[in-house]
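One structure is given here, and the rest of the page talks about it.
All heavy atoms count here, side chains included; hydrogens, waters and symmetry mates do not. So you know, we letter chains A, B, ... as the sequences are listed, proteins then strands, and number each from 1. Keep in mind that this is a model prediction, so the values were computed, not measured.
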Amino acid sequence: NDWSIIIHGGAGVIERGDMDAQTEAAYRAALQSALEQGGAMLRDGADGIDVVEALIQAFEDDPMFNAGRGGVFTADGRVEMDASVMIGSTRAAGAVAGVTSVRHPISLARAVMEHSPHVMLAGDGAEGFAAERGLELADQAFFFTERRWQAMESQVQRMGLPVPPRPEGAPDPEPVNEGALDMMEREHRFG
Amino acid sequence: TVGVVVRDQSGVTVAGTSTGGTTAKRWGRVGDTPVIGAGTWADERCGLSATGTGEYFIRFNVAASICREAEYRALQTGPEGAAQAAADAMMDTLLADGGDGGIVMLYLGEPVWAMNTPGMYRASWGEGREPYIAIYD
């Protein structure tokens, strides 16, 4: 069979004027890198599940994307992550929801698929399963980015809610350019 | 939200999605990403990853529905264009109900995307095809 790959990094009401050239170049470079990594693996005959996990791990580590590090914050100041994976030939599937301490949620979703009789695990139970399987854990500071924090701050103030305390170990506040904030406001609607 | 769908040289399609969710979510809110059939789906011919207002993708069971609709249309009129038509129809339905976002999918290994927002970070590549990257419409 011919190998094939398609990826997305999220959607938002992004008008062409919203993104400065530097930011656009950075997103294009990230997509290019993912395509090249995935294409090389597939060309070498890698299994699809290994390619999907590897590429999504790279996105989860890239603070530009709303997954893993760089994920958006909840109203009470935490990064809570969801992930899922499915294999078409067997309909095997795994998913996790509301995890806060696993560096690569996609790997935990794969572990649920391959090492449990379940399809979805959530919250503390999913975190416990991750620890049992020896997945890499990370504290909330690891996932912290200032631009996402400030986007959450302005959103909770619009909702009339108190701004939560910054996570322990998070860096000191730093300025974020307004244009990027606006764009994130729109992005948040689409996960 | 990020998503990857591949078909490997064994002909197996695999789809995966990961997200931080929506900014300032409350009450343990979960969207479509971890809901198989809503934000992620894969079967023998089709694989899909979605991003958008998760509540709509769950209620409309978007990922599995698009793949099933593509299969149905392919049986009726042949595979050419079936997946794109199925994806476009679903995105129109979502928009009409107030939902928005986008999907990427492989149907028989062919890349398809559909969105009802002006922008989506997306890219595709494959044996015998050139890499393609897009952000806006």
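The pair B/Arg29-A/Glu80 fails the salt-bridge criterion, with no side-chain N (NZ, NE, NH1 or NH2) lying under 4.0 Å from an Asp/Glu carboxylate O.
Between A/Glu24 and B/Tyr136, the closest side-chain pair of non-hydrogen atoms falls below 4.5 Å. Looking at heavy atoms from C-beta onward, B/Ile133 lies in side-chain contact with A/Leu35 at the 4.5 angstrom threshold.
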- side-chain hydrogen bond (donor to acceptor under 3.5 Å, both in side chains) assessment of B/Ser18 paired with A/Glu60: CA-CA 8 Å; B/Ser18 181; A/Glu60 288 171 337; 2.7 Å; yes

- Tell me, with the steps shown, if A/Asn1 and B/Arg7 meet side-chain contact (heavy atoms from CB on, under 4.5 Å). CA-CA 8 Å; A/Asn1 288 267; B/Arg7 186 175 76 169; 4.1 Å; yes

- Do A/Arg91 and B/Glu44 pass the salt bridge (Lys or Arg N to Asp or Glu O under 4.0 Å) test, and can you show the C-alpha distance, the side-chain angles, and the key distance before you say yes or no? CA-CA 8 Å; A/Arg91 300 292 178 98; B/Glu44 292 72 10; 3.4 Å; yes

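Between the side chain of B/Gln9 and the backbone N or O of A/Ala46, no donor-acceptor pair lies under 3.5 Å. Distance alone, capped at 3.5 Å, places no donor-acceptor pair between the A/Asp82 side chain and the B/Pro34 backbone. No donor-acceptor distance shorter than 3.5 angstrom exists from the side chain of A/Asp2 to the backbone of B/Gly128, with no hydrogens or angles considered. Judged by distance alone, with hydrogens and angles left aside, the side-chain atoms of A/Ser4 form a donor-acceptor pair with the main-chain N or O of B/Gly109 at under 3.5 Å.
For the pair B/Ala50 and A/His8, the tightest heavy-atom approach, listed with the atom from each and the gap, is O-NE2, 3.6 Å.
To the nearest 0.5 Å, the span separating CH2 on B/Trp113 from CD1 on A/Ile7 amounts to 9.0 Å. The CD1 atom of A/Ile49 lies 10.5 Å from the CG atom of B/Asp8; values are rounded to the nearest 0.5 Å.
Taking a 6.0 Å sphere around CD of B/Gln76, one finds it holds more than 12 heavy atoms contributed by other residues, nucleotides or ligands.
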